[in-house]
Amino acid sequence: MLTAEKLEKTYRRHAVQVRVLNGLNLEVQTGEFLSIVGASGSGKSTLLHLLGTLDAPDAGRVMLKGKRIDNLPARERDRLRNRTFGYIFQFYHLLPELNAVDNVLMPAYIGNSVLNWWQTRRQWRRRAEDLLNKMGLGHRLKHRPRELSGGEMQRTAIARALLMNPRVLLADEPTGNLDAQAGGEIVRLLRDINRDEGVTIVMVTHNTDIVSATDRVVRMVGGVVTDDTPAPHQPFQPRLAAV
Ligand code: ADP
Ligand code: MG
């Protein structure tokens with residue numbers, strides 16, 4: 001589904017150079033729920049940004065279903081970001097002035113022409129409300145972010161990420177700001193979305209409790225990835241029982 005080939009990325013700040021990705025290779029299978037772990041500063045967010053075309057590599061390629069996507073013209077790249085990928089961040093990135101439904105609607109608002117939006121807005125609103133209902137937020141539709149708990153904000157952000165029916169969800173420390181219970185609920189939701197909708201998920205986390213809910217774990221060390229999934233005979237639970 002999504003492949004990183006020999007990715008290199010160096011950040012330059014004045015005289016300081018930080019080499020973050022060092023010829024990194026990674027293959028994400030269709031329908032897989034993959035987690036990426038690694039020390040703080042090991043380049044997990046950088047990798048996720050490159051996979052989702054939010055940033056470009058210095059060298060190497062990112063392929064989506066066999067098509068190169070790291071060097072697309074802005075228009076095609078914007079469409080990909082709007083339709084194909086869904087993004088989930090640690091700090092939610094909800095717009096504080098908008099209620100939950102309007103936050104969830106943002107990708108449709110951005111991704112449609114004015115005329116198209118005007119003609120289809122009722123269907124979009126219904127879809128946004130349905131998604132929030134599925135996230136267990138049917139009673140929070142008109143709440144603004146500051147009136148929601150952390151877990152509720154993240155569930156709103158997940159509904160927003162799903163609005164355009166993406167094929168790949170990219171989640172950067174989605175439970176990083178939540179307590180164990182709210183974090184467990186988020187991972188359970190992601191697990192359900194992955195299983196029920198067949199959405200491929202790449203999740204960055206340093207929470208070792210929640211990786212047990214995912215299909216495969218890779219670790220970033222020295223700007224490359226190593227397979228971290230325990231052998232099958234070890235107590236590895238692909239479902240969420242441990243959370
Ligand atoms: P992680 O998500 O694993 O904590 P990041 O990908 O955020 O790691 O960052 C990897 C390294 O790159 C860190 O040392 C960080 O300071 C540096 N870095 C990240 N983004 C930038 C940037 N925009 N400019 C300069 N350095 C950066
Ligand atoms: Mg990070």
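In each ligand, atom 1 is the first atom listed, and ligand 1 is the first ligand listed. Keep in mind that what you see is a predicted model, and the values were worked out from it rather than measured.
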### N or O contact, V18 vs ligand 1, cut-off under 3.5 Å
no
### Message
Under 4.0 Å from atom 26 (N) of ligand 1, can you find at least one protein heavy atom?
### Response
yes
### Task
Compute the minimum heavy-atom distance from G38 to ligand 1 and say whether it is under 4.0 Å.
no
### Message
For a distance under 2.8 Å, give residue and atom name for each protein N, O or S atom next to the Mg ion (ligand 2).
### Response
S45 OG
#### Entry: Face-on cation placement of R121 at W118 ring, 6.0 Å and 45° thresholds
yes
### Query
Any protein heavy atom lying closer than 4.0 Å to atom 15 (C) of ligand 1?
no
### Query
In this structure, are over 12 heavy atoms from other groups packed under 6.0 Å from R79 atom CZ?
no
### Task
Give a yes or no on this: more than 12 heavy atoms of other residues, nucleotides or ligands lie within 6.0 Å of atom CZ of R122.
no
### Intermediate values then yes/no, side chain to side chain contact (heavy atoms under 4.5 Å, CB included), L54 and Y87
CA-CA 10 Å; L54 297 175; Y87 306 91; 3.7 Å; yes
### Query
Who passes ring pair (Phe, Tyr, Trp, His ring centres under 6.0 Å) against F89, sequence neighbours left out?
H93
### Message
Any nitrogen or oxygen of S45, side chain or backbone, less than 3.5 Å from one on ligand 1?
### Response
yes
### Query
Is the shortest N/O to N/O distance between G43 and ligand 1 below 3.5 Å?
yes
### Message
Heavy-atom pairs closer than 4.0 Å: do any link ligand 1 to the side chain of T46, the backbone, both, or neither?
### Response
both
